[in-house]
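Every heavy atom of this structure was used, including side-chain atoms; hydrogens, water molecules and symmetry mates were not. None of the values given here were measured: they were computed from a predicted structure. Numbers restart at 1 for each chain; the letters A, B, ... are given by sequence-line order, proteins then strands.
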There are 2 protein chains.
Amino acid sequence: MTLTVVGSIAFDAVRTPFGERDKMLGGSAVHFSLAASYFTTVRAVGPVGDDFGPDEFAILESRGVETDDIERVEGGKTFFWRAHYGHDLNVAHTDETQLNVFGEFEPKLSDASRTADALFLGNIQPELQRRVRAQCDARLVALDSMNLWIETTRDTLAAAIAEVDCLMLNDAEFRMLTEEPNLARAARAVMEMGPEIVVAKRGEYGAALFTADGFFAIPGYLLEDVRDPTGAGDSFAGGFLGYLDAEDPERASPETLRRAMAYGTVLASFNVEDFGTERVARLTREEIEDRYEALRRLTHFDLAVT
Amino acid sequence: MTLTVVGSIAFDAVRTPFGERDKMLGGSAVHFSLAASYFTTVRAVGPVGDDFGPDEFAILESRGVETDDIERVEGGKTFFWRAHYGHDLNVAHTDETQLNVFGEFEPKLSDASRTADALFLGNIQPELQRRVRAQCDARLVALDSMNLWIETTRDTLAAAIAEVDCLMLNDAEFRMLTEEPNLARAARAVMEMGPEIVVAKRGEYGAALFTADGFFAIPGYLLEDVRDPTGAGDSFAGGFLGYLDAEDPERASPETLRRAMAYGTVLASFNVEDFGTERVARLTREEIEDRYEALRRLTHFDLAVT
């Protein structure tokens, strides 16, 4: 199985109460690709500038991510994001965004990327997401977005959402999109827009899944050491879709979807243990399986003895 | 087994986006007692005014709650709380608090209340909690508190915490108490203060349990209809301690504690479905067991097939 992701490929400058980095590899397509690479073959699509060099490609390629469709724009600069976090690591404070090569990005997918089994439309302009979607015949398509696009390009975003199978947003974004304060009702409203699978990302509190079969909720993995939450949502999406793709996207049974939610939670938990891609880029599948089992133990309880 | 609770017995005036009540039965001891009454014999301790009449006693007594130690102060008025909630039901906005008979409360427990197997010290002044604690020889004592006491009577609260087995607060209160932003580290800091069992209440996101054996997390039960969150934390505590007391507080194995967390979650979920005590006062044990099983289904996932 193959999984294509389109999204930002970035340099991030991030400060948290636990340290800082001036310039580290980041972006939704990067975090997603690395997380998904532990499950399936991933093809990353997106533009970079000529400041994006062999060291950055090496991080992706060491995990087997296919980088042929990463378009290097000569004379351009890579997308740049600067942000800081206070003690509430659920809230990123953006200090600076430079779109750079992303301002002129026109997605052109190779045949290999077009024909992938699954597609993840990372958080970029909804119009770009639609153009990529139109080029692909993937059997499972998931989309992420953010408050900016809900506020500024709601109609285009709604059209993009109608064309995908799975929508992944955080709680507050679901409420903003649907104007429905109750999350379960917001999820139902999204299903009426098109997607059959709705995933609410809840930061340190975990995630919730809604389908026609019902709902499922999983808490975040409780960690004593959290250094940088940047990319956690994309790592969640990478673990979730990477596992689904490996299991065959057309066999997404309720049980498979639940396991995918758990793998997403596991990858997000590793993501936040260190800055940027530093932890997820050097995982082993065994570490992932061990934490999956630990997460299972820390969330399961017995039938009642009455 | 018998469970004594001391806490507020109140009239509440509450407005939410889904309705309002001018004067309804409330207070931590009331919500706790009703929830715990489905599991064990509960003895409620606290003062009321002579505006607290047969109708209010009847709500408690219809659930078998022992009300002998509810002290009726002639000429006094019952504790009164007025608040409203916006669409974020996690945040109560207090508009008015009248301590009334609570301002002069001096706990005097009957022998039956003193010798109960378990004791819940609801959210009242830490000095009062300590005086009640000193009168009881319960084998399991749990304490709830709030930001007000952390800010204004930190030393007395710390002394009260040191004398109990279990501390139940919300996430933000644990962080405020310990000055540790990471919840898992905050829980460890609390265990160093005395309690062996630490329960973090996380509103709609559920709850987390920390003991020397490790941690456990449970999401909230996802509901499409939430009308009033008032009392949810105390209903959680009532389900949790009521179940533990019924199972024998000295046999609080990790498995028993997890089931107690699930029962707490179930009782809290019923609490928020209607105003004040309206839903929890008219439950059946069968409804509780059905939702327990539903909660188990919506949180469990398989071993991975790799």
Side-chain angles (χ1 to χ4, degrees), chain A residues 17-18 86-89 171-172 175 180-185 187-188 200 202-210 214-226 243 246-247 255-263 285 288-289 292-306, chain B residues 17-18 86-89 171-172 175 180-185 187-188 200 202-210 214-226 243 246-247 255-263 285 288-289 292-306:
Chain A
F18 312 103
H87 279 290
D88 181 355
L89 294 170
D171 276 32
R175 290 173 173 135
E180 169 54 70
N182 177 283
L183 182 63
R185 286 173 182 266
R188 200 143 50 84
R202 312 173 107 184
E204 70 174 298
Y205 300 113
L209 166 75
F210 300 85
F215 51 90
F216 172 74
I218 189 165
Y221 188 84
L222 290 158
L223 291 162
E224 289 211 3
D225 289 295
V226 176
Y243 178 76
E247 290 292 296
E255 291 71 29
T256 307
L257 284 169
R258 285 159 177 243
R259 287 194 294 264
M261 291 286 287
Y263 278 113
R285 183 68 192 247
I288 292 170
E289 296 306 326
Y292 180 99
E293 181 51 24
L295 179 64
R296 214 174 73 86
R297 283 197 307 271
L298 87 87
T299 55
H300 281 216
F301 53 93
D302 297 347
L303 277 169
V305 182
T306 52
Chain B
F18 312 103
H87 279 291
D88 181 354
L89 294 170
D171 276 33
R175 290 172 174 134
E180 169 54 70
N182 178 284
L183 182 63
R185 286 173 183 267
R188 200 143 50 85
R202 311 171 107 184
E204 71 174 298
Y205 299 114
L209 167 76
F210 300 85
F215 51 90
F216 172 76
I218 190 164
Y221 188 84
L222 289 158
L223 292 163
E224 289 210 2
D225 289 295
V226 176
Y243 178 75
E247 290 293 297
E255 292 71 29
T256 307
L257 284 169
R258 284 159 177 243
R259 288 196 294 266
M261 291 287 286
Y263 278 113
R285 184 67 192 248
I288 293 171
E289 296 305 327
Y292 180 100
E293 181 51 23
L295 179 64
R296 215 174 72 86
R297 283 197 306 272
L298 86 88
T299 55
H300 282 217
F301 54 94
D302 297 345
L303 276 170
V305 184
T306 51

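- Each of A:Pro181, A:Pro219, A:Ala217 has some count of heavy-atom pairs under 4.5 Å with chain B, and the biggest count is that of A:Ala217.
- A donor-acceptor pair is defined here as one N or O able to donate and one able to accept, closer than 3.5 Å; such a pair exists between the side chain of B:Arg258 and the backbone of A:His300.
- The part of B:Leu223 that comes within reach of chain A is its backbone (N, CA, C, O), which places non-hydrogen atoms under 4.5 angstrom from that chain.
- A salt bridge is defined here as a Lys NZ or Arg NE, NH1 or NH2 lying under 4.0 Å from an Asp or Glu carboxylate O, and A:Arg259 with B:Asp302 meets this definition.
- Heavy atoms closer than 4.5 Å to chain A are found in both the backbone and the side chain of B:Asp225.
- The shortest non-hydrogen separation linking B:Ala208 to A:Leu222 is CB-CD1, 4.0 Å.
- Looking at B:Ala187, there are no atoms closer than 4.5 Å to chain A (heavy atoms on both sides), in backbone or side chain.
- The heavy-atom pair separating A:Tyr205 from B:Asp171 by the smallest distance is OH-OD2, 3.2 Å.
- In this structure the side chain of A:Asn182 never reaches within 4.5 angstrom of the side chain of B:His87, judged on heavy atoms.
- B:Glu224 places a side-chain heavy atom less than 4.5 Å from the side chain of A:Arg188.
- Contact of the A:Arg296 side chain with the B:Phe301 side chain is registered, since non-hydrogen atoms from C-beta on lie closer than 4.5 Å.
- Of the listed residues (B:Glu255, B:Met261, B:Glu204), the greatest number of heavy-atom pairs within a distance under 4.5 Å of chain A belongs to B:Glu204.
- Of the inter-residue distances, the one linking A:Phe215 atom CZ with B:Leu298 atom CG reads 5.5 Å to the nearest 0.5 angstrom.
- Only the side chain of B:Glu293 comes within contact range of chain A, with at least one heavy atom under 4.5 Å from a heavy atom of that chain.
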